[in-house]
Amino acid sequence: MRQIVILTGAGISAESGLGTFRDVGGLWSRYDWRDLATPEGFARDPGFVLAFYNWRRERVRAARPNPAHEALARLQRDWPGGVTLITQNVDDLHEQAGSTGVVHMHGTHLTALCAACGHRWPAPEVMAAPDPCPACARPATRPDVVWFGETPYHMERIGAALSSADLFVSIGTSGTVYPAAGFAALARKAGARTLELNLEPSENADLFDEARHGPASTIVPGWVAALLG
Ligand code: OAD
C-alpha cells in the first residue's frame, strides 16, 4: 500500500472551534443555505451574503489547527508513499499544521474571486458588494468558495488521485454533499481499501471497509501512529 488519498470535512476542524454544517447547532441548522451558499442567493442579496462570509473569515483567521490536522501533516512528511490531501473545508488549518499541496475542492476563505473575470487576490478583512476587482475594476467581488450548483475545483486532479489510490480515508464529513460524497465509491471501484474516521457513522458508511468513530483529535493521531508504526 503506497498511495493514500484523504478527504477531510468540517468535522476535522470542529475541535478548532469552527463548527460544522449539519450537526445539531451546525450552520445549516441556523441559516438557510439557499440564501448563503448559492449564486442565486448572492444575486438576491450580496450584502447579506458578504457579511456572513466576512464573519466566517474572521473566525477562520482566528482558528488554530488541532492534533488531527497535525497528525495528517506528519503522515504526509513521514509516509514513504504519496499522500494526497483533499479538503472540503475553506479554512487553512491543514496548511497551518504543515501540510502541503492541499486540494481545496470547495475553495478558500483566504482569497477573493472576481465573478466577472475570474481573477483571484488575497481576501480583504471585510469584503463589500461594490468592491472593484484589482484586475478588471468591475464591481464583482465574491468569496472564493464553491456554492451549491457550482462545480468544485480541481476535479480532474482529484479523479486522477482516486483512480490510483491504494487507500482512501474519509475524515469528519457527513457524506451528504456530492461530488465529494461519491469519492469513496470511485476509489473502491479503482481497487482502493476505504476507511472512515468520523464522530459517528456517515450517510454513506456502507462504502467503507473499515470505520473508527470518535473525535478527530483522538482517532486521527491514533490511526496515523499505527500506520507509521
Ligand atoms: P457536515 O457538517 O455535513 O458533517 C460534519 C461531519 O463531521 C458529521 O458527520 C459529524 O458527525 C462529524 N464530526 C463532528 N464533529 C466531529 C469531530 N470532533 N471529530 C470527527 N468528526 C466530527 O460537514 P461536511 O461533510 O464537511 O460545502 O459538509 C460538506 C459541505 O457541505 C461543506 O464543504 C460545505 C457544506 O455546505 C460548501 O460550502 C460548498
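Counting starts at 1 for both ligands and their atoms, in listed order.
- Contacts with ligand 1 closer than 4.0 Å are made by heavy atoms of both the backbone and the side chain of Q88.
- Of the heavy atoms in F148, only side-chain atoms (C-beta onward) come closer than 4.0 Å to ligand 1.
- With respect to atom 11 (O) of ligand 1, the closest heavy atom belonging to the protein is E200 OE2, 3.2 Å.
- If you check which protein heavy atom lies closest to atom 26 (O) of ligand 1, you get A10 N, 2.8 Å.
- Here is the list of ligand 1 atoms found below 4.0 Å of a heavy atom in G214: 19 (N), 20 (C).
- For ligand 1, the polar-atom distance check against W28 finds a nitrogen or oxygen pair separated by under 3.5 Å.
- Contacts with ligand 1 closer than 4.0 Å are made by side-chain heavy atoms of A14 only, the backbone lying farther away.
- The nearest non-hydrogen atom to atom 5 (C) of ligand 1, considering only G172, G9, S170, comes from G172.
- For ligand 1, the atoms closer than 4.0 angstrom to any heavy atom of V177 are 29 (C), 30 (C), 31 (O).
- Residues S202 and S174 have side chains that never bring a donor and an acceptor to within less than 3.5 angstrom of each other.
- Using a cut-off of 4.0 Å between Lys/Arg side-chain N and Asp/Glu carboxylate O, R188 and D209 are scored as salt-bridged.
- Residue-to-ligand polar distances place T173 within reach of ligand 1: an N/O pair is separated by less than 3.5 Å.
- Figure legend: R74 and W79 shown without cation-pi pairing, the cationic atom not lying both under 6.0 angstrom from the six-membered ring centre and within 45 degrees of its axis.
- Contacts of R22 with ligand 1, taken as heavy-atom pairs under 4.0 Å, involve both backbone and side chain.
- Among L199, V146, L197, the residue whose heavy atom lies nearest to atom 39 (C) of ligand 1 is V146.
- A donor atom on one side chain and an acceptor atom on the other are found under 3.5 Å apart for S13 and H69.
- Remark: the H94 side chain and the E70 side chain contain no N/O donor-acceptor pair separated by less than 3.5 Å.
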Would you check, one step at a time, whether the test salt bridge (Lys or Arg N to Asp or Glu O under 4.0 Å) holds for D144 with R120? CA-CA 8 Å; D144 191 9; R120 289 188 167 83; 2.7 Å; yes

